[in-house]
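Heads up: the structure comes next, in structure tokens.
If you're wondering where the values come from, they're calculated on a predicted model, not measured in any experiment. Lettering follows sequence order; numbering is per chain, from 1.
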Protein chains: 2
Amino acid sequence: MDETLAKETESAESPPQKGTVTQRAIERIKAMIGEGRLEPGQRLPTERDLAAQLGISRSSMREAIRALTVLGVLEARHGSGIYVTQLEAGDLLETFGVVADLSRGPRLVELLEVRRILESTATALAAARITPDQLAEVEEHLAAMNATDDPEEIIAHDLAFHRAIAMAAGNETMAAILEGLSSRTFRARVWRGYQEEGAFERTRREHAAIHRALVAHDPEAARAAAAAHVGEVEEWLRSQLAT
Amino acid sequence: MDETLAKETESAESPPQKGTVTQRAIERIKAMIGEGRLEPGQRLPTERDLAAQLGISRSSMREAIRALTVLGVLEARHGSGIYVTQLEAGDLLETFGVVADLSRGPRLVELLEVRRILESTATALAAARITPDQLAEVEEHLAAMNATDDPEEIIAHDLAFHRAIAMAAGNETMAAILEGLSSRTFRARVWRGYQEEGAFERTRREHAAIHRALVAHDPEAARAAAAAHVGEVEEWLRSQLAT
DNA sequence: CCAGCCATGTGGTCCGACCACTACGGCTGG
DNA sequence: CCAGCCGTAGTGGTCGGACCACATGGCTGG
């Protein structure tokens, strides 16, 4: 019954001891992926095997896996196994939405400032590169947004409108960041108050301006229109804070 | 064998059933913070109490806590308790570094493109707003970087140089994002090859140009210098990919 | 030959025990 | 009386095992 000594014999480990066991496991797996020993889409060993390999309990290994799961690095399929995600921008930047959801006050303005910078550049790039097909999708959402007065639907198409433009800019990473910066709950929180001031008409005009610039393939006009569009919301939010 | 009915009797729960128990716990805690029921810095109930409150096991609750910990929302202090972080930009955007570390190939270029856009704007803002104290810190790192030839130290001061500028721009969120975009391992990976081409001299000149623009409080010059600085690395990396 | 069942293996959940560390308060010695 | 030590209760961290829910693929029976 004296299994106490069994622990001492394991002293031949490489990393002496730093941080919690789970934290080390997270780093180990991250390193495996970083070094290319685990390819995107590849299936990992079972939780039980992984735990055995790293010499930790299954509980700790599960915490490590859960952590990497919320980070968008791993994906667990019940009954099937654990897989490495495609490690695409969308996978890894999903957590960005959490930042937007939990930010308040001054930080919301900072977030919008970042969005203004990125969105204006993305829209300018889109104006130069957008294809007829992509332009058609943008127009589709623009029309759908003007055809309804259900706030939910308006927000959804507003989001899709900007997403389509970001995609046309040809930088998936930027598109994913902007997606997070405009996450559903974030928009809902801001729009509630913003729309009460009859800002919908102004929004419609601003969207039309952006659309015109895209059709004309005029990057500078697109940049200005997009910056003004986000800037409007930004200024309104700034004024709200002063209250 | 008919233990099937035992499940049906539990129908008196608030959330019917969606996703895993742990996932629900994560959302619940996130919601508590979002609704303001948990203030930054506040201490949470013990793991055991929290698990009991949500009607789940301690194991599942621990996974939820671990998930929120890696997201920078919670902080667990061994022997003391679990606390909500200050929810500042730095806390929540720490995970951004993971994206940079795990990205490869074309995505690295996209990442640098985002950085170029943000860094150039941040540097322009800094040129307009920087105070003598902040400028002194920038110069300190600039001098330290030129005074040594230890690659590790150079990278460290290079990072600090840009961080100081981002801080001077007055947008902590942007600074935190840029910090993640220039994470240690990310820089190390790129620099290894970049410096081999004797790019250090060019880097030094570019930093000097940025510094001059800051001293002159010339936003446009600062924007151009910063964009060129990041653009150089970007172009080099792009050429590497073509190989 | 094919549909449907079932054995197997996987992640998901729970339990209970113990360890490592912190914090706090009482106790001791000056 | 006070300072400092020390014990103790309480917390997060780790472990091992058991069982459940689900996915898969082979097998069986038609």
Length of the line joining B:Met61:CE and C:dG12:P, which is rounded to integer Å: 17 Å
Atom-pair distance (CD on A:Glu75; P on D:dA23), nearest Å: 13 Å
Quick test of your reading: applying salt bridge (Lys or Arg N to Asp or Glu O under 4.0 Å), list the pairs with at least one residue in residues 43-66 of chain B, sequence neighbours left out, ordered by first then second residue. A:Arg62-B:Glu63, A:Glu63-B:Arg62, A:Glu63-B:Arg66, A:Arg66-B:Glu63, B:Glu47-B:Arg58, B:Glu47-B:Arg62
Can you name the residues that form a ring-ring contact (aromatic ring centres under 6.0 Å, His included) with A:Phe161, not counting sequence neighbours? A:His207
List the atom pairs, with distances to 0.1 Å, where a side-chain N or O of residues 100-111 of chain B and a protein N or O form a donor-acceptor pair under 3.5 Å, not counting sequence neighbours.
unit_1, atom_1, unit_2, atom_2, d
B:Asp101, OD1, B:Ser183, OG, 3.0
B:Asp101, OD1, B:Thr185, OG1, 2.2
B:Asp101, OD2, B:Thr185, OG1, 3.2
B:Ser103, OG, B:Val99, O, 2.6
B:Arg104, NH2, A:Gly34, O, 2.4
B:Arg107, NE, A:Leu87, O, 3.3
B:Arg107, NH2, A:Leu87, O, 2.7
B:Glu110, OE1, A:Glu172, N, 3.3
B:Glu110, OE1, A:Thr173, N, 2.8
B:Glu110, OE1, A:Thr173, OG1, 2.6
B:Glu110, OE2, A:Glu172, N, 3.4

Those residues at least two apart in sequence (or on a different chain) that pass side chain to side chain donor-acceptor pair (under 3.5 Å) with A:Gln23 are none
With sequence neighbours left out, what residues match B:Glu137 under side chain to side chain donor-acceptor pair (under 3.5 Å)? none
Tell me, for nucleotides 7-16 of chain D in 5' to 3' order, what letter each nucleotide earns: B for a base near a protein heavy atom under 4.0 Å, S for only sugar-phosphate near one, - for neither? ---BBBBBBB
